[in-house]
Amino acid sequence: MVMINRLKVVLVEREKSGKWLAGQLGKSTCTVSKWCSNTTQPDLNTLDKIAKLLNVDIKELLNDTEKSV
């Protein structure tokens, strides 16, 4: 499985829970859990909202998927 987002890590760094994020976004905790485990991904608008809620640049929520040679 490709780890596309770093949401779980950033939540820990910001001392926030998935439950808190779900409440802020009006989403279910199940949905946020799927994002944190990289089972599914939030859309770009939601990712932007998450970045603003966590006060981080949106790039901090994403893993670099480019492989270095």
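Computed from a predicted structure; not experimentally measured.
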Under the rule for salt bridge (Lys or Arg N to Asp or Glu O under 4.0 Å), what residues qualify as partners of Glu13, not counting sequence neighbours?
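Per chain and number, Glu13 pairs via salt bridge (Lys or Arg N to Asp or Glu O under 4.0 Å) with Arg6.
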
Let me confirm one number: the [atom1]-[atom2] distance from [X] to [Y], rounded to the nearest 0.5 Å.
{"X": "Leu7", "Y": "Asn63", "atom1": "CG", "atom2": "CG", "value": "11.0 Å"}
{"X": "Leu21", "Y": "Thr46", "atom1": "CG", "atom2": "OG1", "value": "9.5 Å"}
{"X": "Leu25", "Y": "Trp20", "atom1": "CG", "atom2": "CH2", "value": "8.0 Å"}
{"X": "Lys34", "Y": "Lys27", "atom1": "NZ", "atom2": "NZ", "value": "12.5 Å"}
{"X": "Asn55", "Y": "Lys16", "atom1": "CG", "atom2": "NZ", "value": "10.0 Å"}
{"X": "Leu11", "Y": "Trp35", "atom1": "CG", "atom2": "CH2", "value": "10.5 Å"}

What residues, two or more places apart in sequence or in another chain, satisfy side-chain contact (heavy atoms from CB on, under 4.5 Å) together with Asp57?
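Only Lys59, Glu60 meet the side-chain contact (heavy atoms from CB on, under 4.5 Å) criterion with Asp57.
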
Partners meeting side-chain contact (heavy atoms from CB on, under 4.5 Å) with Ser33 (sequence neighbours left out):
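Partners of Ser33 by the side-chain contact (heavy atoms from CB on, under 4.5 Å) criterion come out as none, since no residue qualifies.
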
Backbone of Gln41 reached by a side-chain donor or acceptor of Asn5 within 3.5 Å:
no

Group every Ile, Leu, Val, Met, Phe, Trp and Tyr by side-chain heavy-atom contacts under 4.5 Å, then state whether Val32 and Ile58 land in the same group.
yes

Check step by step if side chain to side chain contact (heavy atoms under 4.5 Å, CB included) holds for Leu62 and Leu47.
CA-CA 9 Å; Leu62 302 171; Leu47 204 59; 3.6 Å; yes

Atom of Leu53, atom of Gln24 and distance for their closest heavy-atom approach
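Distance-wise, the nearest heavy atoms are CD1-CB, 3.6 Å.
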
